[in-house]
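This report refers to the structure that appears directly beneath it.
Read the numbers this way: they start at 1 and go in the same order the structure lists the ligands and their atoms.
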Amino acid sequence: MLTIGLLGCGNIGNIIIKNHVGVDIVALFDQMPGRAEEAGKLCDAKAFGNIEDFLNEDYDIVVEAASIDAAQKYAASVLEHGKDLVVMSVGVFADELFRQEITDLASSLGQKIYIPSGAIFGLDNLKIGQVSGITRLLLRTTKNPRSLNIEECAERTCLFSGMANECIRHYPKNTNVSVALELAAGRDVEVELWADPSVDRNVHEIFIEGDFGEATITVKNLPSPDNPATSYLAALSIVTLLKNLGEPMRVGT
Ligand SMILES: NC(=O)C1=CN([C@@H]2O[C@H](COP(=O)(O)OP(=O)(O)OC[C@H]3O[C@@H](n4cnc5c(N)ncnc54)[C@H](OP(=O)(O)O)[C@@H]3O)[C@@H](O)[C@H]2O)C=CC1
Ligand SMILES: O=C([O-])CC(=O)C(=O)O
């Protein structure tokens, strides 16, 4: 069975712990040591107080479910410790130079980096953008102000309109999906981010046009109970990715 080390024991980390299938969680790390200790009691894994000890433990894959900052700080070290890496805070790869460095490093070491589909549907066939023209790619995300950590918002308000790599700098906890779309399609993504006090879901509308025709995808996600910024679907997607890593058949492009 594949063994994993969980980097980040917050909302997604705990959903992984409660729902994981086909993998064994053996090591935990969080910048709040108490969270790793508590999580360790739930899954019988060892909680580490420092990153070096966490990475020196024997297991196959680090699952990052912490922050863009954590992904930036630790990705290279994870690979250098001979471990594959699952990155939930995919916004880290909006930095093209960093992305190139990390993919080059993974390639030279023979390690893999996995990006879950996260809080959206549709990444699979969007990858056709790597071999065929996509002429329009727009993500319109709408969340309740609570999910965006905004206190005062009486009516539907556009917070951002522009490109994904800029949006993620302003909203690193809410627009990782825009960077996942960018990586899948191999092109820039336009983003609109809206706060709307009348919605109780995290809504992602994706508009795609290209040589294939056109597609519109609307996802109305339930926020996670412990972190409304993060859709529950995002946590389920990582549980599913881990379950499938060891399977002989791969479904979806
Ligand atoms: N790809 C996608 O579609 C999606 C990605 N995400 C991203 O996934 C990540 C996890 O989400 P979620 O579990 O809801 O977030 P939480 O904030 O609930 O949990 C993250 C945990 O990681 C800790 N942490 C943050 N930075 C570091 C660090 N540098 N080193 C060690 N621990 C750290 C946090 O501590 P503290 O509380 O002190 O910060 C917290 O305990 C986030 O980056 C989020 O934006 C979320 C939804 C969708
Ligand atoms: O969970 C979501 O709905 C999306 C999200 O926060 C992100 O992409 O960072």
(request) Please step through side-chain hydrogen bond (donor to acceptor under 3.5 Å, both in side chains) for the pair Glu192 and Thr141, ending with a clear verdict. (result) CA-CA 6 Å; Glu192 289 174 20; Thr141 291; over 6 Å; no
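Remark: aromatic rings of Phe54 and Tyr74 are distant, center separation not under 6.0 Å.
For Thr103 (side chain) and Gln100 (main-chain N/O), a donor-acceptor pair under 3.5 Å exists by modelled atom type. With hydrogens and angles ignored, the 3.5 Å screen pairs no side-chain donor or acceptor of Lys127 with any backbone N or O of Ala185. In this structure, Lys143 contributes its side chain and Ala229 its backbone to a donor-acceptor pair below 3.5 Å. Of the possible polar contacts, one joining the Asp30 side chain to the Cys9 backbone as a donor-acceptor pair under 3.5 Å is found.
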List the atom pairs, donor and acceptor, that lie under 3.5 Å between side-chain atoms in residues 195-202 and the rest of the protein, sequence neighbours left out.
| from | atom 1 | to | atom 2 | distance (Å) |
| --- | --- | --- | --- | --- |
| Asp196 | OD1 | Ser198 | N | 2.9 |
| Asp196 | OD1 | Ser198 | OG | 2.7 |
| Asp196 | OD2 | Arg156 | NH1 | 3.3 |
| Asp196 | OD2 | Ser198 | OG | 3.4 |
| Asn202 | OD1 | Ser147 | OG | 3.3 |
| Asn202 | ND2 | Pro228 | O | 3.1 |
| Asn202 | ND2 | Ser231 | OG | 3.1 |

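The residues lining ligand 2, counting any heavy atom closer than 4.0 Å, are Ala119, Lys143, Lys173, Asn174, Thr175, Asn176, Val177, Asn202, His204, Ala229, Thr230, Ser231. Sorted by chain and number, the heavy-atom contacts of ligand 1 below 4.0 Å come from Gly8, Gly10, Asn11, Ile12, Phe29, Asp30, Gln31, Met32, Arg35, Ala65, Ala66, Ser67, Asp69, Ala70, Tyr74, Met88, Ser89, Val90, Gly118, Ala119, Pro172, Lys173, Asn176, Val177, Asn227, Thr230, Ala234.
For the side chain to side chain contact (heavy atoms under 4.5 Å, CB included) test, residues two or more places apart in sequence or in another chain that qualify with Asp226 are Asn11.
Contact check on Glu38 versus Lys41 returns a salt bridge, with a Lys/Arg side-chain nitrogen under 4.0 Å from an Asp/Glu carboxylate oxygen.
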